[in-house]
Amino acid sequence: MEGQERMWKELGINLQRHDLLLQALGKIYGDVYLKQENRPEAIEYFDFVVSEVHGLRIKELLDHKSAGGKVVGTFCVYAPEEIITAANVIDVGLCGGAQFTVSDGESVLPQNLCALIKSAVGFKLAKICPYFEAADFLIGETTCDGKKKTWEVLNNYKPVYVMSLPHKKDAAGHKMWREEVHAFAAKMELETGAKISADTLRSKIRIANQKRLALQRLYETRKNSPPPISGKDALLVSQIAFYDDPERFTAKTNKLAAECERRVNEGTPVASATAPRVMISGCPMAVPNWKLHHILETSGANVVVEETCTGTRYFTQPVVSDTGKTKEELLDAIADRYLAINCACFTPNNERVEDVLRLAREYRVSGVVYYVLQFCHTYNVEYYHIQKALKDAGIPVLKIETDYADDSAQIKNRVDAFIEQLTR
Ligand code: BJ8
C-alpha cells in the first residue's frame, strides 16, 4: 500500500478523496458482488482485478511508459484498439460510472448532460483516477453531441485527439470513416514515433479478435436456461475488458467460460430456472455502475444478455480479414469492423433494431429492460423503434431512464411490477 501511495502521489492524485473513493467502491462491491452465492470459481480473477483497480494495472501502465511506451485513455468502442496497440500504446477505457464525481464534472459542464460524461470529466478534475493521470493523451470521437462538445472542454486538462465518426453508414460514410481510420494510424505513428507495420497490425488484430471470441464464448453459456453465471458477473467481465491486459484477460475469460460450460453440463446453475430471462438494451454501464443488474437480479430476474457497449456491441464483430493483406487493406478491414457497431448515434439505425430482436430470440428472453441515461437523446429517441419492434414480436419491454443517483427504490417498484408481468 505504501508503494501504491507513492505511485499515486507521483501521478498527482488527490490522496484524501481517492481514499474515500476506494472505501466507497469497496463497500459497494462487497454488497453487490461478494454477497452473491454460487459464483463460478474463475470469477476470482475478476474480483482480484477490482481489488487492485488502481494498483497493479496502474503499475503495469507506468512500467510500460518507463520502457518507452505510451498510454491513451478512450471513451468509446469506436476507438480502434488494434491500431493503438500496434503503435506500442496501451489503451484504457475512461468512461465514468460513479455518482462520486458527477458534481466535479458539473463544475465545468451543464447539469443536464448524461452522467457518464459528467462522471468521467469529474474523475479528471478531482484528480482521483490514476488511469486518467497515467494517460499521455485521450481519444474522443464525434458520437453524441454531449461527448463531442465535451472534448473541447476536456482538452484544457489533457490533450484529446478527436476521431470524426460519420452519422450515416452509407457509401460516403464508409469512405469517410476509412479515411479517418487511416489518419488515426498516421497520428498514432506521429505521437509515438513508432512505424505501424502490416505484421504488427495482423498480430494485434489477432489479439483483439481472441478477446472478442472469449467474451462471445462466455456469453454463449448464458443462452442456457438457467444460466451458469449471473448477469452482474458477466457485466463485470465486460467492464474489465476495457482496461485489463488483453492477452491475460482473454486467458482468464476463456477459463471462466470453460467453467461455465462445465456448469451447464453438470447442471450447476447460478440461479433458478423459473426466473424470467431478461435482456438489458441501451446505454453502456461503466464501472461501478451495477445498479440495474443488481436490482433485477435481487428482485428475481436473470439478466442473460446486454445489448450495450459493455455487452454485445463490444465484441460481436471480429475484424474479418487478418491475414495476407497490406497495411492499407488491414486498416480498411479494421475501419469496416468498427463501423459495423450499431450505436444509436447513427441514422437510420435499423441494424440495431434487428440486433435487439435477434438477441432476444437467441437468448430466449421473456422481457427487455431498455436502459437510458438521463439526457442521452440518441438512445432515448431510438426507444421508439425498439419498443415498437419488440411489441410486434410479443416481447414486453420496460424503459428505465435514470442517472447515477440512488433511485433504486423507485426503480425496484417498477422492476417488481415488470417481473410480475413476465411471470404471469
Ligand atoms: S458506441 S453508446 S460507447 S457513443 S450515454 S455519452 S451516447 S449521451 S456512451 Fe457510447 Fe460509443 Fe455509442 Fe457505445 Fe452520449 Fe448517451 Fe451519454 Fe453515451
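Keep in mind it's a predicted model, so treat the numbers as computed, not measured.
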Next on the checklist: So which atom in Leu56 and which in Gln4 form the shortest heavy-atom distance, rounded to 0.1 Å?
Outcome noted: N-NE2, 4.4 Å
Next on the checklist: Checking Arg414 now: which residues fulfil salt bridge (charged side-chain N to carboxylate O under 4.0 Å, His left out) with it, not counting sequence neighbours?
Outcome noted: none
Checklist entry - Which pair of heavy atoms, one from Ala271 and one from Asn302, lies closest together, and at what distance? => result CB-OD1, 3.0 Å
Next on the checklist: For Asn209 and Arg212: C-alpha separation, side-chain torsions, deciding distance, then whether side-chain hydrogen bond (donor to acceptor under 3.5 Å, both in side chains) applies.
Outcome noted: CA-CA 5 Å; Asn209 276 350; Arg212 293 172 187 129; 3.0 Å; yes
Next on the checklist: Using a strict threshold of under 4.0 Å (side-chain N to carboxylate O), is an ion pair present between Glu82 and Arg337?
Outcome noted: no
Item to check | Sequence neighbours excluded, every pair satisfying ring pair (Phe, Tyr, Trp, His ring centres under 6.0 Å) that has a member inside residues 256-283 | outcome: none
Item to check | Check: Glu259 side chain, Ala42 main-chain N or O, donor-acceptor pair, under 3.5 Å | outcome: yes
Checklist entry - Would you find more than 12 non-hydrogen atoms of other residues, nucleotides or ligands less than 6.0 Å from Gln421 atom CD? => result yes
Checklist entry - Sequence neighbours excluded, which residues qualify as side-chain contact (heavy atoms from CB on, under 4.5 Å) partners of Ser238? => result Leu215, Tyr219
Next on the checklist: In terms of relative ring orientation, are Tyr45 and Phe48 parallel, tilted or perpendicular, with 30° and 60° separating the classes?
Outcome noted: tilted
Checklist entry - Without hydrogens or angle criteria, can the side chains of Arg352 and Ser281 be said to hold a donor-acceptor pair below 3.5 Å? => result yes
Checklist entry - Which pairs, with at least one residue in residues 159-174 and sequence neighbours excluded, count as a side-chain hydrogen bond (donor to acceptor under 3.5 Å, both in side chains)? => result Lys169-Asn342
Checklist entry - Is Lys399 atom NZ crowded by more than 12 heavy atoms from other residues, nucleotides or ligands, each under 6.0 Å away? => result yes
Checklist entry - For the side chain of His64 and the backbone of Asn88, is there at least one donor-acceptor N/O pair under 3.5 Å apart? => result yes
Checklist outcome for this item: Closest non-hydrogen atoms of Thr221 and Pro228, given as atom of the first, atom of the second and distance, are O-CD, 3.1 Å
Checklist entry - Who pairs with Lys232 by salt bridge (charged side-chain N to carboxylate O under 4.0 Å, His left out), at least two apart in sequence or on another chain? => result none
Checklist entry - Taking it one step at a time, do Glu81 and Thr74 satisfy side-chain contact (heavy atoms from CB on, under 4.5 Å)? => result CA-CA 9 Å; Glu81 65 175 277; Thr74 62; over 6 Å; no
Checklist outcome for this item: Tightest non-hydrogen contact, residues Phe137 and Lys158, listed as CA-CG, 4.5 Å
Next on the checklist: Once side-chain hydrogen bond (donor to acceptor under 3.5 Å, both in side chains) is applied, what residue pairs with a partner in residues 129-139 remain, sequence neighbours excluded?
Outcome noted: Lys65-Asp136, Lys124-Glu133
Checklist entry - Between Lys175 and Glu179, does at least one N-O distance fall below 4.0 Å, as a salt bridge requires? => result yes
Checklist entry - Do the side-chain N and O atoms of Thr402 and Asp407 include a donor-acceptor pair separated by under 3.5 angstrom? => result yes
Checklist entry - Going by an N to O cut-off under 4.0 Å, is there a salt bridge joining Arg217 and Glu220? => result no
Checklist outcome for this item: Contacts of Arg262 meeting salt bridge (charged side-chain N to carboxylate O under 4.0 Å, His left out) (sequence neighbours excluded), chain-then-number -> none
Checklist entry - Around atom NZ of Lys149, are there more than 12 heavy atoms of other residues, nucleotides or ligands at under 6.0 Å? => result no
Checklist entry - Charged N to carboxylate O under 4.0 angstrom, Arg202 versus Asp199? => result yes
Checklist entry - Is it true that Lys70 and Glu191 make a salt bridge, defined as a side-chain N closer than 4.0 Å to a carboxylate O? => result no
Item to check | Residue pair Val303, Arg222: steps toward the side-chain contact (heavy atoms from CB on, under 4.5 Å) verdict | outcome: CA-CA 9 Å; Val303 178; Arg222 302 172 74 195; 4.1 Å; yes
Item to check | Closest heavy-atom pair and its distance - Lys147, Cys76 | outcome: NZ-CB, 3.9 Å
Item to check | Intermediate values then yes/no, ring pair (Phe, Tyr, Trp, His ring centres under 6.0 Å), Tyr370 and Tyr383 | outcome: CA-CA 8 Å; Tyr370 194 85; Tyr383 177 67; 4.9 Å; yes
Checklist entry - side-chain contact (heavy atoms from CB on, under 4.5 Å) between Lys35 and Asp31: does it pass, once the steps are laid out? => result CA-CA 6 Å; Lys35 285 188 181 156; Asp31 290 346; 3.2 Å; yes
Next on the checklist: Check Arg358 with Glu354, please: is the shortest side-chain N to carboxylate O separation under 4.0 Å?
Outcome noted: no
Next on the checklist: Show the nearest heavy-atom pair for residues Leu201 and Leu331, with the distance to one decimal.
Outcome noted: CD1-CD2, 3.8 Å
Next on the checklist: Among Ile84, Leu94, Val89, which residue satisfies the side-chain contact (heavy atoms from CB on, under 4.5 Å) criterion with Ile139?
Outcome noted: Ile84
Item to check | Pairs satisfying ring pair (Phe, Tyr, Trp, His ring centres under 6.0 Å), at least one member in residues 394-424, at least two apart | outcome: none
Item to check | Heavy atoms from other residues, nucleotides or ligands near CD of Glu247 exceed 12 (cutoff 6.0 Å) | outcome: no
Checklist entry - Would you say the side-chain atoms of Thr250 and Gln210 include a donor-acceptor pair closer than 3.5 Å? => result no
Checklist entry - Salt-bridged, Arg57 to Glu52, with N to O below 4.0 Å? => result no
Checklist outcome for this item: By ring pair (Phe, Tyr, Trp, His ring centres under 6.0 Å), Phe242 pairs with (sequence neighbours left out) Tyr314
Checklist entry - Can you check side-chain contact (heavy atoms from CB on, under 4.5 Å) on Met285 and Ile280, steps first, answer last? => result CA-CA 11 Å; Met285 296 167 172; Ile280 292 181; 3.8 Å; yes
Item to check | Residues forming a salt bridge (charged side-chain N to carboxylate O under 4.0 Å, His left out) with Arg39, sequence neighbours excluded | outcome: Asp47, Asp233
Please output the side-chain donor-acceptor pairs of residues 372-379 that fall under 3.5 Å, not counting sequence neighbours, one pair per line with the distance.
residue : atom : partner : partner atom : Å
Tyr379  : OH   : Arg313  : NH2          : 2.9
Tyr379  : OH   : Ala344  : N            : 3.4

Item to check | side-chain contact (heavy atoms from CB on, under 4.5 Å) involving Ser203 - partner list, sequence neighbours excluded | outcome: none
